[in-house]
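Atom set for the values below is all heavy atoms of this structure, side chains included, hydrogens, waters and symmetry mates excluded. What you see is a predicted model; the values in this text were computed from it and never measured.
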Number of protein chains: 2
Amino acid sequence: MVEKTGRPGYLQIADDLRSQIQSGKLAPGAALPSTAELGARYDVSASVVKSAISVLRTEKLIIGQQGKGVFVREQLPAAPSEASSDGESELLRQLVMMREAVQDLGQRVADLEKIVLSERKGSD
Amino acid sequence: MVEKTGRPGYLQIADDLRSQIQSGKLAPGAALPSTAELGARYDVSASVVKSAISVLRTEKLIIGQQGKGVFVREQLPAAPSEASSDGESELLRQLVMMREAVQDLGQRVADLEKIVLSERKGSD
DNA sequence: ATAGAACGCTTGGTATTCTAAGTTGTCAAG
DNA sequence: CTTGACAACTTAGAATACCAAGCGTTCTAT
């Protein structure tokens with residue numbers, strides 16, 4: 001999955017992970033795959049993965065915790081953006097509505113989880 | 001010259017070089033000592049020096065030129081100001097949080113689906 | 001004298017191997 | 001059931017080796 005571009009592998013991996021973080025595909029607080037897992041996925045040695053991780057750690061995008069894993073930072077450093085303040089309040093309104101919808105969904109899923117998981121525990 | 005503080009050696013060296021750069025002791029355009037020289041000076045292996053150089057390179061304080069050396073950048077980047085919320089990036093932050101929430105919901109729903117569907121199959 | 005080969009130095013990237021240290025789950029002994 | 005040992009996982013740091021590539025000097029052959 002790496003190579004072809006001349007760009008060094010550890011930077012390709014760092015780019016890939018960085019874009020996953022900034023796109024939200026890797027959400028804040030989420031754990032990255034382990035270095036061994038990443039090494040297998042990109043088919044590179046551990047040192048390349050460690051170099052990539054090191055870059056993102058220097059960029060303060062992630063935080064590594066010994067024994068646990070590497071996690072996306074909760075408050076990400078600001079990324080360059082070009083959001084125009086035109087119609088900003090409209091965006092904010094839609095955002096509020098979406099947040100309410102997401103919170104509602106979260107509550108309903110939590111209810112389902114309580115039911116399903118308690119049933120599973122009982123039958124385990 | 002390194003150790004005593006618990007702070008890893010490559011960061012100590014990076015700190016040292018960084019302060020030399022920011023104090024002007026290493027002027028813009030000036031060449032750093034070679035990695036072998038630095039390794040001897042700090043009494044560490046090449047890998048530690050390379051890690052330190054790598055940190056400063058990621059910070060864009062220095063630029064390495066193959067075959068020549070490592071040089072202090074002419075136009076130094078401003079010191080990183082973290083966690084700046086200028087109101088406009090507030091939207092971005094909210095968006096990132098929402099994506100996290102949605103991602104989390106998707107995972108939880110998928111887990112529930114797996115449980116419920118497998119139980120249904122088992123009792124069919 | 002000049003062109004070119006050769007050598008030594010440099011950074012950069014990758015791989016491998018240790019060690020250290022923290023977390024987590026398992027499992028057995030009490 | 002609780003506690004403690006232990007094994008298996010994780011990241012982090014460090015040392016070492018190897019190779020590629022660029023640069024500069026030197027030495028050599030023409």
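Rounded to whole Å, the distance from OH on B:Y10 to P on D:dA14 is 7 Å. For B:I63 and D:dG22, the CD1 to C1' distance is 16 Å, given to the nearest whole Å. Here D:dC23 presents its C1' atom at 8 Å from NZ of B:K68, a figure rounded to the nearest Å. One atom, CD1 of A:I53, and another, C1' of D:dG13, lie 15 Å apart when rounded to the nearest Å. Atom P of nucleotide C:dT10 and atom CD of B:E37 are separated by 9 Å, given to the nearest angstrom. Following rounding to the nearest Å, B:I62 (CD1) and C:dT11 (C1') show an atom-to-atom distance of 11 Å. We find that CD of B:Q65 is positioned 14 Å from C1' of D:dA21, with the value rounded to whole Å.
Smallest separation of non-hydrogen atoms from A:I21 and A:V72: CG2-CG1, 3.7 Å. Across all their heavy atoms, B:G29 and B:E74 have their closest contact at CA-OE2, 3.3 Å. Considering all non-hydrogen atoms of both residues, A:R73 and A:I63 come closest at CG-CG1, 3.5 Å.
Residues that satisfy the side chain to side chain contact (heavy atoms under 4.5 Å, CB included) test with A:E37, not counting sequence neighbours, are A:P33, A:S34, A:R41. With sequence neighbours excluded, the residues forming a salt bridge (Lys or Arg N to Asp or Glu O under 4.0 Å) with A:R18 are A:D15, A:E59, listed by chain and number.
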Which nucleotides of nucleotides 15-21 of chain C have their base under 4.0 Å from a protein heavy atom (B), which only their sugar-phosphate (S), and which neither (-), written as one string 5' to 3'?
-> BB-----
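The side chain of B:R57 places an N or O atom within less than 4.0 Å of a non-bridging phosphate oxygen (OP1 or OP2) of C:dG12.
No continuous path of ILVMFWY side-chain contacts below 4.5 Å connects A:F71 to A:V55, so the two sit in separate hydrophobic clusters.
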Acceptor/donor pairs from residues 45-54 of chain B side chains to any protein atom, 3.5 angstrom cut, sequence neighbours excluded:
from, atom 1, to, atom 2, distance (Å)
B:S45, OG, B:S47, N, 3.4
B:S45, OG, B:S47, OG, 3.1
B:S51, OG, B:S47, O, 3.0

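Interatomic distance, B:L56 CG to B:I13 CD1, rounded to the nearest 0.5 Å: 10.0 Å. How far CG of A:L17 is from CG of A:L38: 6.0 Å, rounded to the nearest 0.5 Å.
Remark on the helix from C:dA1-D:dT30 to C:dG30-D:dC1: inter-end axis angle 20°, axes from five-pair C1' superpositions, rounded to 10°.
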